[in-house]
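Have a look at the structure below before the remarks.
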Number of protein chains: 2
Amino acid sequence: MSTDEKLMKGIEAMFFAYRGFTQDPDRILAQHGYGRAHHRAIHFIHRWPGTTVSNLLSILGVTKQSLNRVLRALIEDGLVESAKGTVDKRERHLTLTEAGSALEAELSEAQSARVQAAYASAGPEAVAGFELVLEAMMDRDLFGHYKRLGDDRGTDRGET
Amino acid sequence: MSTDEKLMKGIEAMFFAYRGFTQDPDRILAQHGYGRAHHRAIHFIHRWPGTTVSNLLSILGVTKQSLNRVLRALIEDGLVESAKGTVDKRERHLTLTEAGSALEAELSEAQSARVQAAYASAGPEAVAGFELVLEAMMDRDLFGHYKRLGDDRGTDRGET
DNA sequence: AGAATACGTCAGCCTTGTTGACATTCCAAG
DNA sequence: CTTGGAATGTCAACAAGGCTGACGTATTCT
């Protein structure tokens with residue numbers, strides 16, 4: 001197989017795999033009247049409880065107007081709590097409520113199940129390769145913010 | 001690292017990698033006044049010149065109204081040609097014009113460059129694993145149609 | 001005191017998806 | 001030869017979720 005064909009195959013695989021990847025959570029979200037944007041917010045708030053709006057903006061790479069629309073819905077529906085910062089009172093620290101955590105768990109379970117199944121069928125060595133390639137393919141801007149957030153968590157607050 | 005952490009890492013990697021994956025083509029498309037939907041149509045028409053609208057619908061998994069809007073723009077702009085079928089005159093066979101092929105090449109080059117770079121930095125064994133995992137993760141519905149199309153091409157019309 | 005930051009919000013626009021309805025053309029079965 | 005259904009196109013309306021631009025408020029930094 002030529003290099004071009006190999007690349008083409010990889011490109012199409014990414015397309016179809018991403019469809020599969022989002023399929024199950026999308027179904028659950030639709031039942032709750034939400035979309036992928038809500039999923040992303042919920043995911044990262046779960047991942048770093050107490051994170052601020054601007055952290056989320058950096059990670060997601062969207063405008064504050066776009067994120068705000070999503071957050072407002074989640075807060076109004078009682079899935080996310082927004083607390084004024086104690087150190088810097090301009091900041092809003094976001095956490096999931098119990099209801100929010102419940103939805104997060106439901107979404108995460110559905111998505112993990114498919115990833116887990118793919119991992120199991122491909123084998124651990126394939127998974128290692130998978131992660132290597134994905135890391136090399138990442139959007140460096142967004143991931144930079146993400147990593148920085150992770151580092152902060154490691155040094156400033158310790159692991160949970 | 002726990003299984004849950006491994007899965008979470010994979011899930012976030014997919015998110016950030018897909019962003020990277022679409023970034024370069026998105027920029028080019030924006031310059032031409034198009035979006036990702038146009039890219040997908042152009043890609044698959046390039047991949048199987050002469051394919052029909054309903055084939056495209058099956059592969060892309062969108063409604064005909066949605067696809068039609070995109071196709072109409074591409075046809076009006078002279079990037080895609082729609083030819084009434086000779087065997088079944090209801091069908092429209094879609095092909096790229098020269099201008100369409102040029103844009104396809106530009107998009108493909110940009111996207112391939114990043115994939116190629118990721119492949120090179122991760123190494124051939126990682127790439128093999130990457131493809132294995134992606135295949136296991138794919139949306140079976142869409143990919144089923146895709147594969148069937150490929151088979152048809154192999155048996156009914158021969159390779160180009 | 002004044003500049004900069006974090007956040008929220010209003011208004012309007014675009015792309016891309018959806019449903020529903022309807023017309024045309026054509027194939028195939030009765 | 002009629003008729004049902006498939007393939008296509010099109011109109012209208014709507015929603016999610018991006019975007020820009022502008023503005024306001026609270027707070028912090030210089």
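On a predicted model such as this, the values are computed, not experimentally measured, just so you know. Chain letters run A, B, ... following the sequence lines, proteins first, then strands; residues in each count from 1. As a basis for the values below, the full set of heavy atoms in this structure was taken, side chains included, without hydrogen atoms, waters or symmetry mates.
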dist Arg90(B):CZ -> Thr52(B):OG1 (nearest 0.5 Å) comes out at 11.0 Å
Nucleotide [N], atom [atom2] - distance to [atom1] of [X] in whole Å:
X        : N       : atom1 : atom2 : value
Asn68(B) : dT15(C) : CG    : P     : 16 Å
Asp26(B) : dT15(C) : CG    : C1'   : 12 Å
Arg19(B) : dG17(D) : CZ    : P     : 13 Å
Glu76(A) : dG8(C)  : CD    : C1'   : 13 Å
Leu29(B) : dG18(D) : CG    : P     : 18 Å
Leu57(B) : dT10(D) : CG    : P     : 14 Å
Gln23(B) : dG18(D) : CD    : C1'   : 15 Å
Leu56(B) : dG17(C) : CG    : P     : 12 Å

Once each nucleotide of nucleotides 20-30 of chain D is scored for protein heavy atoms under 4.0 Å, what B/S/- sequence comes out, 5' to 3'? BBB---BBS--
For dG18(D), does the base pair up with any side-chain atom of Arg69(A) as donor and acceptor (N or O, under 3.5 Å, distance only)? yes
Touch class at under 4.0 angstrom, heavy-atom based, for [X] against every strand present:
X        : answer
Gly61(A) : sugar-phosphate
His38(A) : sugar-phosphate
Arg36(A) : sugar-phosphate

Between Glu91(B) and Tyr34(A), which residue's closest nucleotide on DNA chain D lies nearer the 5′ terminus? Glu91(B)
I want to verify a distance call: between dC19(D), dC7(C), dT8(D), whose nearest atom is closest to the Val62(A) side chain? dC19(D)
side-chain N/O Arg72(B) vs dT8(D) OP1/OP2, d < 4.0 Å: no
Is Ser54(A) near enough to dT5(C) that one of its side-chain N or O atoms lies under 4.0 angstrom from OP1 or OP2? no
Greater than 12 external heavy atoms within 6.0 Å of [X]'s [atom1]:
X        : atom1 : result
Glu98(B) : CD    : no
Glu81(B) : CD    : no
Gln65(A) : CD    : yes

So, do Phe16(A) and Phe21(A) have ring centers that fall under 6.0 Å from each other? no
Contact check, side chains of Val53(B) and Lys64(B), non-hydrogen atoms, under 4.5 Å: no
Would you confirm whether Thr22(A), through its side chain, and Tyr18(A), through its main-chain N or O, come within 3.5 Å as a donor-acceptor pair? yes
